[in-house]
Amino acid sequence: MENKRSRLQQFTIILLFGLLLVYVLVEARDFLYPVFIAVLFAYLLYPVVKKLEDWGVPRILANFITIITAVAVFVGLVFLLYKQLTTFLSDFPALQQNAMQNVDRLQEAIDEKFGSSDPDDEQWLRTQVNNALEVSGGFVADLLMTMTDTLTKVGLMPVYIFLMLYYRNKFENVIYRQLSSYKHTKAKRLIDEVSNVTKNYMRGIVIVILILCVINTSGLLLIGVEYAIMLGIMSALMNFIPYFGTLIGGAIPLTYTLLVQGSPQKALWVLLFFLLVQFTENNILTPNITGSQVNINPMVTILSIVLGAMIWGLPGMFVVVPFLGMFKVYCDYQDDMRAWSYMLGTEGTEEHALTIDKIKKWFKSKF
């Protein structure tokens, strides 16, 4: 009886801690998410800073050069997307009217094909598309406002990154001072592995997205899609969402080409193009650039992304996976938490995984 009561108390404490943690994350989101994002970008820029320091550049100057260069690239990308979005919003009423005319033509073609003359059926497609366009217009405007608000709130982020890179040895020494001397070797291995996992993941995903920005924009320009730069960059940024980012991003220019431009031929080319991009990203870019750095299984990844979106919105979706990867590395080094590492990781499902070797073996057994 006493043992059950102790377990109940322990469960209650964990539950209360979880609720308090979520409350703090929600209430302090405007302060916390710029800091969390700064941590990730500090890991991303650390190899560049370290290389400059190895060449004899003082740490302050190395930090300054690296951060200024990164900010210039980021501002250029944001300015390009922001300019395209504002142009798109100003043209949106005319684009909506053009889309409705294309929908009317599509409805007439359906009526001729199937012989339907019911007025309710004739208006149903028009009503649904019109509602969808109104919602999408509001979404783009909200996205523009969210981007502006986010950029304002993260204005101090370069300062955070500079200070984190400058005081990185101090942070490491603080951890050592909290531990006994015989634990320093294990702590050093843990810190090094967290650093390697995070910087490789961040470097990989940024490189993949930059490559996809060029690929998507070039492909859409060749196909003849309007606002190709905006749609190409937006579809590339969707790759922050693991597994399905390219397909979700491809749905944006596909819908625009089909409804607004009213060109089924171009829509088909867009569909085929993004299927090719999806194959290239999943089988060539991501495996060779990002790899499986965080090693989190798909179920946990998807649930964590949903939870991150609920707590911090778009920034939460971005930071949750790499920080979950850090937590998994920590669990790997703690004997009493290795069960959690097993739960978060991809181990244990190898016999059920669908691989090329298994497909070949199945075909050989059948034919």
Q: Is Q278 close to F274 at the side-chain level, that is, under 4.5 Å between some pair of heavy atoms?
A: no

Q: If we ignore hydrogens and angles and just use 3.5 Å, is the side chain of S304 paired with the main-chain N or O of T301 as donor and acceptor?
A: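 The answer is yes, because a donor-acceptor pair under 3.5 Å joins these two groups.
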
Q: Applying side chain to side chain contact (heavy atoms under 4.5 Å, CB included), name anything that partners A267, two or more places apart in sequence or on another chain.
A: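 Per chain and number, A267 pairs via side chain to side chain contact (heavy atoms under 4.5 Å, CB included) with L254, T257, L258.
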
Q: Could you pull out the closest heavy-atom pair between G250 and V270, with the gap in Å?
A: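 For G250 versus V270, the nearest heavy atoms are O-CG1, 4.5 Å.
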
Q: Is V35 close to Y160 at the side-chain level, that is, under 4.5 Å between some pair of heavy atoms?
A: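 SC-SC contact between Y160 and V35 confirmed.
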
Q: Could you grab the distance from atom CG of L210 to atom CD1 of I233, nearest 0.5 Å is fine?
A: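 It is 10.0 Å, given to the nearest 0.5 Å.
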
Q: Find out whether V22 and F17 are in side-chain contact, i.e. whether some heavy atom of one side chain is under 4.5 Å from a heavy atom of the other.
A: no

Q: Check the hydrophobic clustering (I, L, V, M, F, W, Y; side-chain heavy atoms under 4.5 Å; chains of links allowed) and say if Y227 and I223 are grouped together.
A: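 In one cluster: yes.
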
Q: Return the OH to OG distance between Y330 and S341, rounded to the nearest 0.5 Å.
A: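 Here the interatomic distance stands at 12.5 Å.
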
Q: How long is the span from the CD1 atom in I67 to the CZ atom in F162, to the nearest 0.5 Å?
A: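 One finds 6.5 Å between CD1 of I67 and CZ of F162.
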
Q: For Y176, check side chain to side chain donor-acceptor pair (under 3.5 Å) against everything at least two apart and list the hits.
A: E172

Q: How many angstroms lie between atom CD1 of I205 and atom CG of L44, to the nearest 0.5 angstrom?
A: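 The CG atom of L44 is 11.0 Å from CD1 of I205, to the nearest 0.5 Å.
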
Q: For a quick test of reading the model, state the closest non-hydrogen atom pair linking A62 to E53 and the distance between them.
A: CB-CG, 4.2 Å

Q: Could you identify which residues cluster with I68, counting Ile, Leu, Val, Met, Phe, Trp and Tyr as linked when any side-chain heavy atoms lie under 4.5 Å apart, either directly or through a chain of such contacts?
A: F64

Q: Counting C-beta onward and ignoring hydrogens, is there a side-chain heavy-atom pair between M326 and L190 closer than 4.5 Å?
A: no

Q: Once side chain to side chain contact (heavy atoms under 4.5 Å, CB included) is applied, do any residues pair with Y167, and if so which ones, sequence neighbours excluded?
A: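 Once residues adjacent in sequence are excluded, the partners of Y167 under the side chain to side chain contact (heavy atoms under 4.5 Å, CB included) criterion are L163, K170, F171.
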
Q: Among residues at least two apart in sequence or on other chains, which ones pass ring-ring contact (aromatic ring centres under 6.0 Å, His included) with F323?
A: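 Scan of F323 (ring-ring contact (aromatic ring centres under 6.0 Å, His included), adjacent residues dropped) gives F36.
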
Q: Closer than 3.5 angstrom, by distance alone: can the side chain of K266 be matched with the main-chain N or O of G224 as a donor-acceptor pair?
A: yes

Q: Please confirm whether the backbone N or O of I191 pairs with a side-chain atom of S195, one donor and one acceptor, at under 3.5 Å?
A: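 No: the side chain of S195 does not pair with the backbone of I191.
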
Q: Side-chain contact, heavy-atom cut-off 4.5 Å: I37 with P315?
A: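 I37 reaches P315 side chain to side chain.
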
Q: L276 and L272: side chain to side chain contact (heavy atoms under 4.5 Å, CB included), yes or no, with the steps?
A: CA-CA 6 Å; L276 178 61; L272 295 175; over 6 Å; no

Q: Report the C-alpha separation of R59 and N169 in whole Å, then their side-chain angles, then the decisive distance to 0.1 Å, and conclude whether the side chain to side chain contact (heavy atoms under 4.5 Å, CB included) test is met.
A: CA-CA 12 Å; R59 176 169 292 187; N169 298 118; 2.9 Å; yes

Q: Could you tell me which residues satisfy side chain to side chain contact (heavy atoms under 4.5 Å, CB included) with K186, sequence neighbours excluded, listed by chain and number?
A: R189, Y333

Q: Drop me the distance from E193's CD to K188's NZ, to the nearest 0.5 angstrom.
A: 13.0 Å

Q: Do Y33 and L25 have side-chain heavy atoms sitting under 4.5 Å apart?
A: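 Heavy-atom side-chain distance check fails, nothing below 4.5 Å.
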
Q: Donor-acceptor pair, distance only, cut-off 3.5 Å: does the side chain of N297 make one with the backbone of M343?
A: yes

Q: Going by the salt bridge (Lys or Arg N to Asp or Glu O under 4.0 Å) test, which pairs reach into residues 60-80, not counting sequence neighbours?
A: none

Q: Of all the heavy-atom pairs spanning M337 and C331, show the shortest one and how long it is.
A: O-CB, 3.4 Å

Q: Any non-hydrogen side-chain atom of F318 less than 4.5 Å from a side-chain atom of L40?
A: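 Sidechains of L40 and F318: in contact.
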
Q: Assess, by modelled atom type and distance only, whether the side chains of N173 and R168 contain a donor and an acceptor separated by less than 3.5 Å.
A: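 On atom types as modelled, these side chains do not qualify, holding no pair under 3.5 Å.
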
Q: Any pair with a residue in residues 229-242 that passes side chain to side chain donor-acceptor pair (under 3.5 Å), sequence neighbours left out, goes on the list, sorted by first then second residue, please.
A: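 Side chain to side chain donor-acceptor pair (under 3.5 Å) check on residues 229-242 returns N216-S235, N239-T246.
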
Q: Does the side chain to side chain contact (heavy atoms under 4.5 Å, CB included) test come out yes or no for V208 and E281, once each step is laid out?
A: CA-CA 8 Å; V208 168; E281 190 266 331; 4.2 Å; yes

Q: Between M157 and A38, what is the shortest heavy-atom contact and its length?
A: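 That closest heavy-atom pairing would be CG-CB, 3.6 Å.
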
Q: List, by chain and number, the other hydrophobic cluster members for Y182, where Ile, Leu, Val, Met, Phe, Trp and Tyr join if side-chain heavy atoms come within less than 4.5 Å, directly or indirectly.
A: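 Members other than Y182 - counting any ILVMFWY side chain reachable under 4.5 Å - there are none.
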
Q: Restricting to non-hydrogen atoms, name the atom on K328 and the atom on G345 that form the minimum distance, rounded to 0.1 Å.
A: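 That would be CE-CA, 3.4 Å.
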
Q: Which residue pairs pass the side chain to side chain donor-acceptor pair (under 3.5 Å) test with at least one member in residues 41-51, sequence neighbours excluded?
A: K50-D54

Q: Taking only residues two or more places apart in sequence or in another chain, which ones pass side chain to side chain contact (heavy atoms under 4.5 Å, CB included) with L303?
A: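 In terms of side chain to side chain contact (heavy atoms under 4.5 Å, CB included), with neighbours along the sequence ignored, L303 is linked to M299.
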
Q: Atom CG in L165, atom CG in N63: separation rounded to 0.5 Å?
A: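 Interatomic distance, L165 CG to N63 CG, rounded to 0.5 Å: 5.0 Å.
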
Q: Any side chain to side chain donor-acceptor pair (under 3.5 Å) involving residues 307-317? Give me the pairs, sequence neighbours left out, ordered by first then second residue.
A: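 Found none.
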
Q: If every non-hydrogen atom of L220 is compared with every non-hydrogen atom of G232, which pair is closest and at what distance?
A: CD1-N, 3.7 Å

Q: Is there side-chain contact between F327 and L344, with at least one heavy-atom pair below 4.5 Å?
A: yes

